[in-house]
Amino acid sequence: MIRRFRFGNPIETDSIPEKPPVTEEALPYFDVTEDGTELRLPLGASRVYGLGEQVRGINKRGWTYTSNNSDQPHHTETQHSLYASHNFLLADGLDTEEGRLPVRFGVYFDYPGAVTYDIGYTDTDQMRISFPDANYDAYIIDGEGDLDIISQFRALIGRSYIPPKWAFGFGQCRWSYMSEDEVRGVADGYQKNGIPLDMIYLDIDYMKDYKDFTVNEETFPDFASFVQEMKKRHIHLVPIIDAGVRIEKGYKTYEEGVADNYFCKDEDGKDFVAAVWPGKVHFPDFLNSGARRWFGDSYRFLLDQGIEGFWNDMNEPAIFYSEKNLKRFFEKIESYKGKNLDIQSFFEMTGLAAGLANNEEDYRSFYHDMDGIRVRHDRVHNLFGYNMTRAAGEAFERNVPEKRILMFSRSSFIGSHRYGGIWMGDNTSWWSHMKLELAMLANLNMTGYLYTGADIGGFGGDTTPDLVLRWLALGIFTPLMRNHSAMGTRYQEAYRFGHLDDYRNILRLRYALIPYIYSEYMKAATENAMYAKPLAFMYPDDARAAEIEDELIIGNEILIAPVMEQNKTGRFVYLPEDMRLFRFRSADDFDTEDLAKGDHYVKCAVNEVLIFVRKGHMVPLAKPADSVDQIDWNDLTWIGYPDGKETVYELYNDDGETKDYDPAGHITRIVKRGSDL
Ligand code: MIG
């Protein structure tokens, strides 16, 4: 049951396609301050899930988080905000003694500005949720259990984005592959070594002077035929699109945006000027439907050249500096000149430079035209990236309605999950960031983002061969599987490190698993279910399972427990039920071991992958292929753990390109007897 409560006069976010009517009842469960800006809830012994892309664990208790989309490359425990705002929480195991709390409930706050979730931070026993102003809709979701609450919420926010089937392949990225030849080199590195690959990503340097919807003709002289050349090799090129439009006379996108008033304005009504990669830019006003239509249609420049997928970046929006702020900066810096700087003023001075980027004052100095309503950016800050993705998604729907286009974004807000996926932004080559990915997978699935994954191997910093290998072993289960690294860091493509067999084997296992991954994804998307689930949700009566933060249930049949520490040859695993362990060295070389419910220490060498199959369940395996379109779905083998009865699996398959997702036409019920497995 979902109830909608209204406070004040909220700004429309369009995060919910069809809203239930507002109820006149008072908001249950929470104590609400008189002005409505703060809600309090006694936490008892409960666990709190949700918030999608955020720091820390699956259970969010014990920290304070703020929904404030930020270009934040330091994903450390003590941050409060990353690139996204996903204002959904699920509290489970509440103290019902007072008689007013249910055991669990879900809540979604539809509010486009900064919300702070103090979840047992100020007061260990209490959650405090605060808003800058009391204009929001709160949706309270009551249900049978965690999974039921989640699927009610997911039905409320609308079906999750479904990418083309080839986007379930493996992709390689780097900031940046600078030329056609460098891209060819990457394709060769994979294909000559027999390592499967479906995508090579183009980062900002494919463009001319970082201008959206342009291609650098010196380094990519015949882009359209290069796209075809790669396609013949079964590789899709996926270019990046940045939020800022370079100010340059004669540049089409700039001229059009100025002429039609499609850019965000400053206080004086002039086009707001910020600086990002292209130098000085204007920001398209994605909150305006005309600007959205115009910007979305601009992707045609690349679609027309054979491109079928994109990633949207810098759309928090990231601002390196604004003209006004830079002016203030120089004035202030000038004032230090010739002075005898004491330590305090010295740090003040260095702080000034650090404070130029993504400055809150800049976010307060430009305006949107929300189809006739002028709104200052900071009040709707978290909607910007969402609406950039929506601009593209709506345009694809208009311009290529028959076809799925790959789209994912860095910044997001609930609602954008209908138009694209997200990647988890600029992580670092740290083992702890594998753990962070695992936790985020669970929380992002709750909030509608099924097509997601982190930069495998780590984006910032130098990676190591074993980190890449172990990270791939987690990444083979993420729908979005991409290796990406930053400029200046060690190259980390899967063919760079010696022990090539290990990387080949692990990626071939991914491709063998694609019938499973795709089936489970499509079922999750069409049924508003979770693809990656915390154990707590599947085993609600198991107190141990409730605290497991380094294992996940993937789809409905398997549990994964990746090794996420360096120099380990195994790990402890908690199994919430009897399972059969498949220890894969390659897709067709594995041994098995039956393990009872409970705790185990399992060996897992650096080149092995563990898959735990639930009793009474089975999983299809394809013959490894070099790309998704070469997988033979008619030639599947099955691994499973029969329980004496028949084992059943619902296999979903479709053409992977068009948009008929009706499960009835695409699901085959496969039945095996024990002796067949
Ligand atoms: O300021 O385009 O998160 O994936 O490689 C950095 C360059 C801009 C940030 C993205 C990252 C991308 C990088 N971008």
Side-chain angles (χ1 to χ4, degrees), residues 53 69-75 79 81-84 171-178 182-183 186 199-216 219 237-246 274-281 283 302 309-322 354 356-359 362 384-385 388-389 406-412 416 420-430 433 436-437 440 449 452-463 471 475 478 480-493:
E53 181 181 273
N69 295 0
S70 307
D71 171 16
Q72 175 51 267
H74 305 294
H75 304 180
Q79 295 294 350
S81 309
L82 295 176
Y83 311 86
Q172 181 62 56
C173 190
R174 171 85 182 173
W175 174 22
S176 296
Y177 299 126
M178 302 300 286
E182 205 177 338
V183 173
V186 175
M199 287 154 276
I200 297 179
Y201 289 85
L202 300 179
D203 208 320
I204 47 176
D205 294 283
Y206 80 89
M207 293 184 256
K208 171 95 181 99
D209 300 326
Y210 306 133
K211 284 180 291 197
D212 284 336
F213 316 119
T214 70
V215 171
N216 183 331
T219 46
L237 295 180
V238 184
I240 195 171
I241 303 291
D242 275 9
V245 170
R246 178 173 157 104
V276 207
W277 288 110
K280 300 222 172 117
V281 300
F283 288 127
L302 290 157
F310 303 89
W311 50 308
N312 283 346
D313 190 21
M314 307 300 273
N315 49 3
E316 294 69 31
I319 299 180
F320 292 168
Y321 67 85
S322 71
L356 275 173
N358 306 319
N359 190 295
D362 286 334
F384 193 79
M388 180 183 181
T389 301
L406 171 61
M407 161 54 60
F408 59 90
S409 168
R410 190 168 74 178
S411 182
S412 62
S416 79
I422 55 176
W423 92 100
M424 297 170 185
D426 296 349
N427 62 6
T428 306
S429 297
W430 291 340
H433 279 182
L436 181 60
E437 171 175 21
M440 274 205 248
Y449 294 89
T452 186
D455 289 347
I456 292 170
F459 175 75
D462 289 330
T463 199
W471 210 322
T478 61
L480 166 56
M481 185 187 190
R482 182 177 80 151
N483 175 325
H484 182 32
S485 56
M487 188 167 279
T489 64
R490 181 181 191 180
Y491 280 87
Q492 61 186 43
E493 293 78 8

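Note that ligands are numbered from 1 as they come in the structure, with each ligand's atoms numbered from 1 the same way. Quick note: numbers below take in every heavy atom, side chains included, and nothing from hydrogens, waters or symmetry partners. Note that the structure is a prediction, hence the values are computed from the model and not measured.
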Under 3.5 Å, N/O to N/O: give me all the pairs between ligand 1 and the protein, one per line with atom names and distance.
from     : atom 1 : to   : atom 2 : distance (Å)
ligand 1 : 1 (O)  : W277 : NE1    : 3.0
ligand 1 : 2 (O)  : D203 : OD1    : 2.6
ligand 1 : 3 (O)  : R410 : NH1    : 3.0
ligand 1 : 3 (O)  : D426 : OD1    : 2.4
ligand 1 : 3 (O)  : D426 : OD2    : 3.4
ligand 1 : 4 (O)  : H484 : NE2    : 2.9
ligand 1 : 5 (O)  : D203 : OD2    : 2.5
ligand 1 : 5 (O)  : H484 : NE2    : 2.9
ligand 1 : 14 (N) : D313 : OD2    : 2.8

In residues 420-427, what donor-acceptor pairs under 3.5 Å come from side-chain atoms, sequence neighbours left out?
from : atom 1 : to   : atom 2 : distance (Å)
N427 : OD1    : F459 : N      : 2.8
N427 : ND2    : D455 : O      : 3.2

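The line from CD1 of I204 to OH of Y210 is 4.5 Å long, rounded to the nearest 0.5 Å. Rounding to the nearest 0.5 Å gives a distance of 8.0 Å between CZ of R246 and NZ of K208. Taking OH of Y206 as the start and OG1 of T214 as the end, the distance is 7.0 Å to the nearest 0.5 Å. Taking CD1 of I456 as the reference point, atom CZ of R482 lies at 9.5 Å (rounded to 0.5 Å).
Looking only at atom types and distance, the side chain of N315 has a donor-acceptor partner in the side chain of S409 under 3.5 Å away.
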